[in-house]
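Quick note on labels: first sequence line is chain A, next is B, and so on, each numbered from 1. Since we're looking at a predicted model, the values are computed, not measured.
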Protein chains: 2
Amino acid sequence: MSQTMTSADLRARNLVRLLRAVHDAAAPFTRAEAARLLGIGRNTAAALVAELEQARLLHEVPAEAGGRGRPTTMLVPHPEGPLAFAVDFREDTWTLASVELGGAATELEGGEHDRTPRVFAEIRAAVARHETDRLAVLGFATSGPIRDGHRLHISHLGWDEVELGGLIGADWPTTVIDNDARLAGLAEARRGALRGRGTAMHFHIDFDIGGTLLIGGDAQRGAHNIAGEFGHMPLTGSALECMCGVRGCWSLDVGANALVRRFGARPGYGEGRELAREILRRAENGDTEAADALDANAAALGRGLGALANALDPEAISLSGLGVDLIRLRREVIEAHCAEGLMAFRRTDPPRIVAGTVGEAGPLTGAAEIAWDAILTEEWVRRRLQDA
Amino acid sequence: MSQTMTSADLRARNLVRLLRAVHDAAAPFTRAEAARLLGIGRNTAAALVAELEQARLLHEVPAEAGGRGRPTTMLVPHPEGPLAFAVDFREDTWTLASVELGGAATELEGGEHDRTPRVFAEIRAAVARHETDRLAVLGFATSGPIRDGHRLHISHLGWDEVELGGLIGADWPTTVIDNDARLAGLAEARRGALRGRGTAMHFHIDFDIGGTLLIGGDAQRGAHNIAGEFGHMPLTGSALECMCGVRGCWSLDVGANALVRRFGARPGYGEGRELAREILRRAENGDTEAADALDANAAALGRGLGALANALDPEAISLSGLGVDLIRLRREVIEAHCAEGLMAFRRTDPPRIVAGTVGEAGPLTGAAEIAWDAILTEEWVRRRLQDA
DNA sequence: CTGTTATGTTCTCACTGAGAACAAAAACTT
DNA sequence: AAGTTTTTGTTCTCAGTGAGAACATAACAG
């Protein structure tokens, strides 16, 4: 059985519901609106808000008058309230940001790194430099799958199941970690193009394709936290062998690797990225060979999306990274090949394919989301109230 | 916001938790065990049970003494309690059963049909013949996807988006419906080989492959209730065109159609099934051509499962229909090709591939599960208490 | 200036589950 | 056979919750 239910848990639950509503809201709302939203009385709302104010979780600020009636207050994050630190750890750079309840982020620091796990020491130092009493939780985004939540595997950096336990700060508060593609999808589901969609998918297209299935605003993790390698399904019939050890992966035909391979370059994570950008530019400027490469990329992308839509029936599919350019330059190609891959009876109502709106900040935003998820719980709120 | 929380809802929630525990339990348990299981006091448990007894939802029977201590009672479904009717509607037959809380099923009636939607009138008549005051909810399993929960599409029967609203009984209580492959998977997740698995998959292999992704004991439905057509992803590189309108579907290489095509028979749903069984028999008796066909089928199955495991990371995969035979006769082939399709770093811990244990009763069992799910809710229980 | 409207505040009330104390019924111990 | 131990059932009190009603307050409308 999941949660016990006592009349004290009732209050904790409603406190969390209120905090969650503030965190998830697209725009701030008033105390009276909160009462309506949660289906509780004005008196109860007042009691909840008072408790959260005292625990420095919420703050009331006078709302500008907006019609008749007694003026009320807006519910905003407390200025001295808890903060989540979010880290976006990429192949050669990292960024540290501070995120308050509701999602407002402030970049604190960033840097490059030498592609060895020593970078975690740098990040620990940066966190230490910015640490405050308000720091309540940390969320990490990394590239590469993280088996069971603590063994990081980044094949192109040669990191083979690096144990994270010793690399993150032992003195840190609750720390959660997940991979960038999944967190970018979560960010779209919570604060971007997929907001409000029940079932949706997100794909980040870089050299490789990573993605996630989003159900009810939550990213699916699988049994060992390594779900999401949609790029390693043989959806386009390639005969090549993939770096992952499998033959025919979808990623061999979609993304920067596929683009540069056509121009004789070896798939790689350094100058390959430059070349991929160059190919995009050339295609935009009418170079036919580059345009062909782009067409092939878009077609393979569409074909795979159609296949996945048959299986998982998403309402919408958002793309980030190179996917944004592909939508901008080759939407029709993607959609045509997607339709071709869709079972005939589904073609009347294909999934909407959209560019992500969170953009580059996806992994960071998603890391902040899982960080806040980790503490917006009944246990944490209850403890916070006791301490105050 | 999902559910409001008042102190009256508290009781309703605990009543449902108790009913749910009884329904889901592998073996009946005592009142004292229930208190421990739900994390509530013995006094509260007594109050909950008394209310549910009065509402004829639970019944207490003396438990045989099992050690020291004052004797207690087992909690069992009330003998006059509500019943769910479950219908398994197949391509040419149907079955009606009555299922009590906890899942015990009694077959009531069954029959053949003429493959037109007129069969629904037969089923309505059968339900009417067996209707009792105890009937509380109906669950239907059909083949074919059911778009938005009410438009049934069975291509091989020529049913093109048949509207179900007029076909099921207008005078019936709550009625829920879903497709057979998904419900077979749900049955495995709730009462079969996938019980207790967080993320798992189930595939029913017949002529086609249908399946479902199971997360936390729930079958995923997608945005339009038509998720699960895993058989219509191009996972094995077939060049053929599929009945579904797409080229290269996995189903073209796995299942009865793929078996019989090798022997020159047209894929079809009549004598094709006989031939498929015949081929299995021949393969078991050493016929090399039949054995080759079986090998190819198993290999294609394994290849696809590996690809899907990369994307969705299931802990276990269960199979029903022809899949059970394939596991029995060609487990090594399936597992070898699954491993080949798995990303190298996943091969140390491949998903376990198991035969379903609910067997033929899968769709019926799953239909009963969604039926009970529909009424094991706070609203329904509360109304039932008021009426009693 | 007065009426209307929306919200805040205060108070009572029904209900819930916790917890403690005690009762009951079985098995174990001597 | 009688007392002891163990487990569960029962009863009672109690703190806490949110609903609801009545009233207070502060803006706007005419």
Legend entry - B:D133 atom CG, neighbour heavy-atom count above 12 within 6.0 Å: no
Legend entry - Between D:dT17 (C1') and A:L15 (CG): distance, integer Å: 11 Å
Inset, instruction - Rounded off to whole Å, could you give me the CG-to-P distance for the A:L385 and D:dG16 pair? - result: 14 Å
Inset, instruction - Tell me whether the OP1 or OP2 atom of D:dA19 has a side-chain N or O from A:T44 closer than 4.0 Å. - result: yes
Legend entry - Cationic N near anionic O, under 4.0 Å, A:E369 to A:R191: yes
Inset, instruction - Mind calculating the distance between CG (A:D9) and C1' (D:dA15) to the nearest angstrom? - result: 14 Å
Inset, instruction - Round to the nearest Å and state the distance from B:L10 atom CG to D:dA15 atom P. - result: 19 Å
Legend entry - Nearest atoms (heavy-atom pairs only) where B:T357 meets B:A193: OG1-N, 3.2 Å
Legend entry - Side-chain donor-acceptor contact under 3.5 Å, A:H202 with A:T212: no
Inset, instruction - Answer yes when B:R17 and B:D24 have at least one side-chain N-carboxylate O distance shorter than 4.0 Å, and no when they do not. - result: no
Legend entry - Spacing between B:E51 atom CD and C:dC15 atom P, to the nearest angstrom: 11 Å
Legend entry - Ion pair A:R221/A:D178, N-O distance below 4.0 Å: yes
Inset, instruction - State plainly whether the residues B:D9 and B:R13 are in salt-bridge range, i.e. N to O under 4.0 Å. - result: no
Inset, instruction - To the nearest 10°, let me know how far the axis at one end of the helix from C:dC1-D:dG30 to C:dT30-D:dA1 is tilted from the axis at the other, five pairs an end. - result: 10°
Inset, instruction - Whole angstrom is fine here: how far is it from CG in B:L38 over to P in C:dT16? - result: 16 Å
Distance-only criterion, 3.5 Å: show the donor-acceptor pairs between side-chain atoms of residues 56-68 of chain B and protein atoms not counting sequence neighbours.
residue : atom : partner : partner atom : Å
B:H59   : ND1  : B:E53   : OE2          : 2.7
B:E60   : OE2  : B:R31   : NH1          : 3.2
B:E60   : OE2  : B:T73   : OG1          : 2.6

Inset, instruction - Report, as a single string ordered 5' to 3', how protein heavy atoms within less than 4.0 Å touch nucleotides 1-10 of chain C: B base, S sugar-phosphate only, - not at all. - result: ---BBBBBBB
Inset, instruction - May I ask you to say whether A:D373 pairs ionically with A:R20, meaning some side-chain N is under 4.0 Å from a carboxylate O? - result: yes
Inset, instruction - Let me know the distance between CG of B:L48 and P of C:dC15, rounded to the nearest Å. - result: 16 Å
Legend entry - Phosphate OP1/OP2 of D:dG16: any A:R11 side-chain N/O under 4.0 Å: no
Inset, instruction - Please report, rounded to the nearest Å, how far the P atom of C:dT16 is from the CZ atom of B:R382. - result: 10 Å
Inset, instruction - For C:dG17, take OP1 and OP2 only and decide whether either is under 4.0 Å from a side-chain N or O of B:N14. - result: yes
